[in-house]
Amino acid sequence: MRIAVLTSGGDSAGMNAAVRAVVKTGILKGCEVYVVREGYEGLVRGNTEWAEAEGQRVNTSATESVKQEVEINQYQAGSDNVNLLENLRFGDGELLKDGTSEFVGGRTLKGRYIVRVGWDDVRGWFSQGGTLIGTARSMTFKTVEGRRAAAHNLVKEGIDALVVCGGDGSLTGADVFRREWPDLLSNLYETSLITEEQLKKHGHLKIVGLVGSIDNDMSMTDLTIGAPTALHRICEAIDNINSTAYSHSRAFVVEVMGRDCGWLAVLAGVAGGADFVFIPERPPQVPWEDAMCAEIHRHREVGKRKTIVLVAEGAQDADLNPIKAEYVKQVLSERLGLDTRVTTLGHTQRGGRPCALDRILPTLQGVEAVNALLESDESTPSYMIGLHENKIVRVPLMEAVEQTRAVTRAVKAKDYDKALELRGSEFKEMLEGFIYTSALGSESEKLPKEKRMRVGIIHMGAPAGGMNAATRDAVRYCIRQGHTPLAIHNGFRGLLDDNIDELSWLGVDAWMPRGGSELGTNRALPSADIGGVAAKFQQFKLQALLIIGGFEGFCALLELEEGRKHYPAFHIPMVHLPATISNNVPVTEYSLGSDTSLNALVDACDAIKQSASASRDRVFVVETQGGKCGFIATMGALAVGASLVYTPEDGMTLDMLRRDVRYLKTRYSLDLPGKSEGRLVIRNEKSSEVYTTNMITKMLQEEGGSLFDARSAALGHTLQGGIPSPFDRVRAARLSLKCMVFLEQHHNRLLAQGGPHKPRHATGESAAVITVQTSSVKMVPVQDMVSHADMVNRRGKNAWWYDIKGLVEQLAGKPKFLGLHKVAGAGEFSKM
Ligand code: ADP
């Protein structure tokens with residue numbers, strides 16, 4: 001199959017990762033892969049325009065271009081490896097990589113829009129923002145004539161499978177194109193532009209959509225490619241504004257992107273700890289000025305020195321009048337006398353270096369796109385590849401586009417509930433979460449006195465990004481509901497030392513962007529003095545407990561639940577919110593801190609790779625933390641495009657190392673002389689006690705000979721990350737609020753058992769861990785977790801990410817390169 005991939009509409013970070021994944025997967029599956037430059041415009045222009053313009057005709061098949069035969073010819077392939085050697089690199093690919101538009105291999109490539117690319121042509125694309133193959137808005141493609149030319153150009157190249165990465169406009173265009181295809185081809189045949197054979201061979205166009213959009217405005221997917229990076233940029237800006245706003249006691253009105261969708265504004269509001277947001281889907285009643293000023297005035301009254309108001313580009317009031325940042329500023333200045341500034345973030349939000357999620361998800365989605373293409377036939381609908389919580393899904397493309405349109409229609413028809421409904425449950429939860437954690441609320445909104453709880457909050461294990469955010473939001477929720485939030489400092493040891501105090505709404509205000517653990521944390525378990533812990537529960541009259549931490553948090557909850565047999569004080573609802581960079585808590589697929597950690601790893605590896613590339617031919621062995629869980633190493637390897645990854649789950653053996661050395665040698669020997677790149681090997685610190693990072697590095701130095709050199713870098717505690725990533729912050733908010741609701745529900749059940757002097761019996765269900773499982777968030781009773789836990793190695797028994805390791809190796813070409821054999825007499829490599 002010949003597959004073409006294009007990026008269209010507004011650019012977004014992560015598009016390059018998607019294209020890279022499509023190219024690599026396509027080649028691995030035996031396809032020829034083409035990229036279309038400049039979106040649909042490139043499809044319309046095709047490859048002939050240049051030839052005509054230059055007055056000469058070339059064979060437009062990119063297969064003929066400047067392949068580096070010299071090195072490649074030293075190898076012969078097993079039958080299924082032929083395509084990798086044939087697809088290693090093409091002249092046109094070099095053109096794309098270097099970003100030039102003029103000369104490659106002595107030929108002018110200007111005007112060539114559909115170009116064949118090879119394995120190495122997409123190397124290093126991960127870390128680049130925007131789209132390297134270009135994007136455009138094409139008016140011509142919106143006309144039948146334009147699409148006819150596009151169809152003609154594709155048939156000329158023998159292509160009838162297309163991956164389109166773009167927003168809803170681009171995906172609509174894709175669907176129109178697919179539906180029209182048979183007619184377009186008939187027309188081309190009738191006008192003798194294509195042959196009967198071509199007509200028969202390409203009778204059906206296969207299309208798959210990937211959603212590239214910074215707004216996250218597509219229905220039926222939780223995240224669009226580029227939205228996470230845009231959120232990163234916005235949060236960085238808000239974090240910076242926060243400090244100056246605080247210093248001068250100022251108000252800032254920040255305009256963020258989002259013409260039809262308030263996702264960026266809402267999530268940035270939660271992650272950045274803003275005071276107020278305006279979005280298109282939840283327009284305030286007119287006049288909204290009073291409500292906004294009253295809320296901000298309350299914040300100022302309790303002592304808040306800074307005010308941040310976020311305005312989405314498309315924000316409007318309930319009468320559909322636009323709400324503009326300048327006007328909000330005027331209101332804040334005039335009515336509240338605040339020194340107010342406006343900051344418009346504009347195009348800075350679009351891009352820059354993609355964050356970890358915008359490397360991992362587009363990669364997984366790109367792989368799935370090729371699979372969907374290969375499985376599609378005339379009877380299957382066009383799919384869009386989306387994400388549901390933690391699962392890559394295929395959804396019918398037109399249904400997703402239609403639902404997206406329906407949101408806009410609902411907003412226009414002022415049916416805001418429907419608009420929110422259609423945006424999906426997560427969006428709605430985040431919006432409610434924002435309101436709960438930003439607004440002070442009034443006395444009348446609080447729960448009746450008898451339903452209020454004294455809630456202990458404790459951190460356990462190593463610090464992880466998002467712990468403070470989760471605590472802040474739990475505290476804010478408590479205060480709004482009338483509960484008393486009690487900080488237990490320094491873990492269970494602190495509890496035994498009476499190190500416990502009440503937290504205030506203002507006291508936790510600045511905790512959102514703070515890394516580490518504001519409460520202090522350690523690994524001591526309740527079993528150190530379970531009777532003492534029970535006594536303290538009683539002394540401080542704890543009625544609910546929120547444990548935020550890693551594997552220790554889970555163990556602590558288990559001990560407390562088991563302690564219920566002997567200690568009535570533990571008959572209260574208790575919940576564990578997993579927070580650990582190792583992501584080793586059983587059952588759950590996600591722990592707070594793991595996204596921050598992956599971003600820290602990506603940042604470090606980008607810098608390391610740059611250094612490795614500068615010195616050419618260098619392999620960096622990067623050591624990660626993660627205990628006996630290979631999650632960070634594996635997902636990190638996927639996010640940085642590592643060549644090899646070692647995990648504790650698989651361990652390390654001599655045979656494995658021999659194969660890996662052979663793979664690296666083959667790989668380096670196939671590089672263009674003098675044009676090698678740095679390559680990364682990621683090794684979890686506990687992968688092997690014998691084959692240490694130091695040993696592996698020395699081995700690679702020795703074995704690399706003249707082909708490559710090796711160095712090592714241990715990332716150690718840097719992986720805990722400095723500032724928590726926006727995703728860890730928003731997930732902290734979402735999950736901690738769910739935990740609080742869980743505690744309330746079980747508290748109510750206990751209350752229903754009768755008066756305060758009667759002993760109450762908490763069921764096993766009331767001690768639970770909040771987990772993310774493929775596409776849903778579930779509370780799992782801690783006792784039910786035990787059978788899924790490997791208590792010796794401190795990790796879950798089933799690692800959902802386990803197969804990703806195979807994918808990392810596939811995308812590095814390891815199995816394929818290992819299948820190649822050196823041709824006898826082509827020059828020996830020492831020790832090969
Ligand atoms: P986005 O994909 O980011 O929503 P646009 O709405 O601008 O961006 O669409 C990008 C391109 O997709 C357009 O320039 C046009 O070439 C193509 N396109 C959009 N809508 C259609 C349509 N209804 N029919 C054909 N092509 C379309």
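All values reported here derive from a predicted model rather than from experimental measurement. Just so you know, ligand 1 is whichever comes first in the structure, and atom 1 is the first atom listed for that ligand. Quick note: residue numbers are just sequence positions, from 1. Both backbone and side-chain heavy atoms feed into the values below; hydrogens, waters and symmetry mates do not.
In the vicinity of F141, heavy-atom distances shorter than 4.0 Å reach the ligand 1 atoms 16 (O), 25 (C), 26 (N). Taking every heavy atom of D168 and a limit of under 4.0 angstrom, the matching atoms of ligand 1 come to 4 (O). Annotation for ligand 1: atoms under 4.0 Å from non-hydrogen atoms of Y40 are 12 (O), 16 (O), 17 (C). Against a heavy-atom cut-off of under 4.0 Å, G10 is close to the following atoms of ligand 1: 3 (O).
Side-chain contact between P283 and K414: absent, with no pair of heavy atoms (C-beta onward) separated by less than 4.5 Å.
Between R409 and E402 there is a salt bridge, with a side-chain nitrogen of the basic residue lying less than 4.0 Å from a carboxylate oxygen of the acidic one. The pair E197-K200 does not count as a salt bridge, with every side-chain nitrogen at least 4.0 angstrom from each carboxylate oxygen. Between R350 and D11, at least one side-chain nitrogen of the basic residue sits less than 4.0 Å from a carboxylate oxygen of the acidic one, meeting the salt-bridge criterion.
Between the side chains of S725 and D595, at least one donor N or O sits under 3.5 Å from an acceptor N or O.
Ranked by closest heavy atom to atom 22 (C) of ligand 1, the top entry among G173, A136, S213, G209 is G173. Which of A174, G169, S170 comes nearest to atom 18 (N) of ligand 1 through a heavy atom is settled by distance: it is G169.
Looking at G167 next to ligand 1, an N or O pair under 3.5 Å apart turns up.
With hydrogens left out, the protein atom closest to atom 7 (O) of ligand 1 is R137 NH1, 2.7 Å, a heavy atom. Among all protein heavy atoms, the one lying closest to atom 16 (O) of ligand 1 is S138 O, 2.7 Å. Nearest protein heavy-atom neighbour of atom 23 (N) of ligand 1: T172 CG2, 3.8 Å. The shortest contact between atom 11 (C) of ligand 1 and any protein heavy atom is with S8 OG, 3.6 Å.
Note: Y40 and F141 have parallel aromatic rings, judged against thresholds of 30 and 60 degrees for the angle between ring planes. Ring-plane geometry between F177 and W181 is classed as perpendicular, the angle between the planes exceeding 60 degrees on a 0 to 90 degree scale with a lower cut at 30.
Under 4.0 angstrom from ligand 1, the non-hydrogen atoms of R147 all belong to its side chain.
Between the side chain of Q349 and the backbone N or O of M257 there is at least one donor-acceptor pair closer than 3.5 Å.
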